[in-house]
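Notes follow once the structure below has been shown.
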Amino acid sequence: MFKVYKNRKFNDLINDTFVFFRQEGKNYFGNYFKITGGLIVIFTILVYLISDIFFENFFNQFNSVQQQQMLEKYFDDNSAYFVTIGIITCLITLFISAINYLFPVVYFKHLADGTEPTTKSIFKGIKSRIGKIIIFLLGSCLLFIVPVTILFIICGLLIMILVGIPVTVIVFAAIVGYISQFFYEYISNNTGFFPALAKGFKMFFSKFWPNVGTTAIFLIIAYIVQIAILIIFNVINGLITLNSIDTGTDKSSTLSVLGILILISFIVATIISFILQNVIMVSQGVVYYSNIEQRENKSLNDDIDLIGQDIE
């Protein structure tokens, strides 16, 4: 079982995140997909239903003015259908995102308590914390939306000069890291909203550079992976377009193939983004329990308790 309570330096925070996935990856993602798999399948079907009709009609409008008018009429006549499917898709996306943030917190809580994380126990833990995440989201929006917006505007202006890029990365990583520590403290324990806010601040900034450095590295990894996927699909789309020009393939059939590829790329990118959210939150879990260990020496206390049990 992965050891959560450990006083870690910067390189340990990075290494132990990968150690976590080596030791717990099979169980972690096995349980994750058991809980979210059905929702992801429904999400994929809904996206397909919307995108297939859209691309099919959208690409047909290039053939004639009459087909373009038919497309406009089709969307007008079925606006209620698209609005309903769109709302359901957004709700499922929000629900999956909520699970993505709650799942690693609940999983780490099991490891910290020395219990084996199972699908049933994790689902029960997520279900019991739905109310807390709603309060967290509402409270965080009220507290952070204005200062974070101001910081991003300043960073956007700084990007125009070379020094602005690393500053922006540090600021963004600090915001994500601090809110993650606040989130872990609030969701994991019976800590109130504002006490968790204060404790998260103290924990994150007690080892600022290791914490912000770890957060920045995993954010950059996630960004690179997503960009790589985008580039791969864009290259494939470009090759198909060039091939159709060289071979004189019918324009409408080429556009239909491109539409399918765009749909596939969107679904793949979305699923991978869900997985990357988990990776980032796991790295924040490693940071959180390292900060707890530094402040409270949990592993030492546990070892003392075990010695007492051995004596008995």
Please determine, by modelled atom types, if [X] and [Y] share a side-chain donor-acceptor pair under 3.5 angstrom.
X: Gln284; Y: Thr215; value: yes
X: Thr270; Y: Ser273; value: no
X: Asn297; Y: Tyr5; value: no
X: Lys109; Y: Thr115; value: no

Euclidean distance, [Y] [atom2] relative to [X] [atom1], rounded to 0.5 Å:
X: Leu137; Y: Leu142; atom1: CG; atom2: CG; result: 11.0 Å
X: Lys3; Y: Glu293; atom1: NZ; atom2: CD; result: 7.0 Å
X: Thr118; Y: Tyr107; atom1: OG1; atom2: OH; result: 10.0 Å
X: Met203; Y: Arg295; atom1: CE; atom2: CZ; result: 7.0 Å
X: Asn291; Y: Asn211; atom1: CG; atom2: CG; result: 4.5 Å
X: Ser140; Y: Phe182; atom1: OG; atom2: CZ; result: 4.5 Å

**Prompt:** Are Glu296 and Lys199 within salt-bridge range, i.e. N to O under 4.0 Å?
**Reply:**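 Salt bridge flag = yes for Lys199 with Glu296.
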Are [Y] and [X] an aromatic pair, judged by ring center distance below 6.0 Å?
X: Phe274; Y: Tyr32; answer: no
X: Phe20; Y: Tyr28; answer: yes
X: Tyr289; Y: Phe2; answer: no
X: Phe43; Y: Phe95; answer: no

Hey, does the side chain of [X] reach the backbone of [Y] with a donor-acceptor pair shorter than 3.5 angstrom?
X: Tyr178; Y: Leu197; value: yes
X: Ser290; Y: Val286; value: no
X: Asp12; Y: Lys9; value: yes

**Request:** Using the side-chain contact (heavy atoms from CB on, under 4.5 Å) rule, take Phe218 and Ile14 through it: C-alpha gap first, then chi angles, then the decisive distance, then the call.
**Result:** CA-CA 9 Å; Phe218 283 99; Ile14 304 294; 3.8 Å; yes
Linking I/L/V/M/F/W/Y whenever their side-chain heavy atoms sit closer than 4.5 Å, directly or via other members, would [X] and [Y] fall into one cluster?
X: Leu94; Y: Leu102; answer: no
X: Ile175; Y: Ile220; answer: no
X: Tyr101; Y: Ile135; answer: yes
X: Ile280; Y: Ile224; answer: no
X: Ile99; Y: Ile133; answer: yes

**Asked** Leu13 versus Ser283: any side-chain heavy-atom pair under 4.5 Å?
**Response**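 No, side chains not in contact.
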**Message:** For Val212 versus Ala174, what's the shortest heavy-atom pair and its separation?
**Reply:**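 For Val212 and Ala174, the tightest heavy-atom pair comes out as CG2-N, 3.5 Å.
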**Request:** Would you check, one step at a time, whether the test salt bridge (charged side-chain N to carboxylate O under 4.0 Å, His left out) holds for Asp16 with Arg8?
**Result:** CA-CA 9 Å; Asp16 282 2; Arg8 299 174 174 93; 2.5 Å; yes
Give a yes or no on this: more than 12 heavy atoms of other residues, nucleotides or ligands lie within 6.0 Å of atom [atom1] of [X].
X: Ile145; atom1: CD1; answer: no
X: Asn190; atom1: CG; answer: no
X: Phe123; atom1: CZ; answer: no
X: Phe29; atom1: CZ; answer: yes

**Item:** side chain to side chain contact (heavy atoms under 4.5 Å, CB included) partner of Gln181, the single match among Phe201, Phe205, Tyr288, Tyr186
**Value:**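 Exactly one candidate clears the test, Tyr288.
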**Asked** Stepwise, does the side-chain contact (heavy atoms from CB on, under 4.5 Å) test hold for Phe10 with Ile217?
**Response** CA-CA 11 Å; Phe10 172 66; Ile217 285 175; 3.4 Å; yes
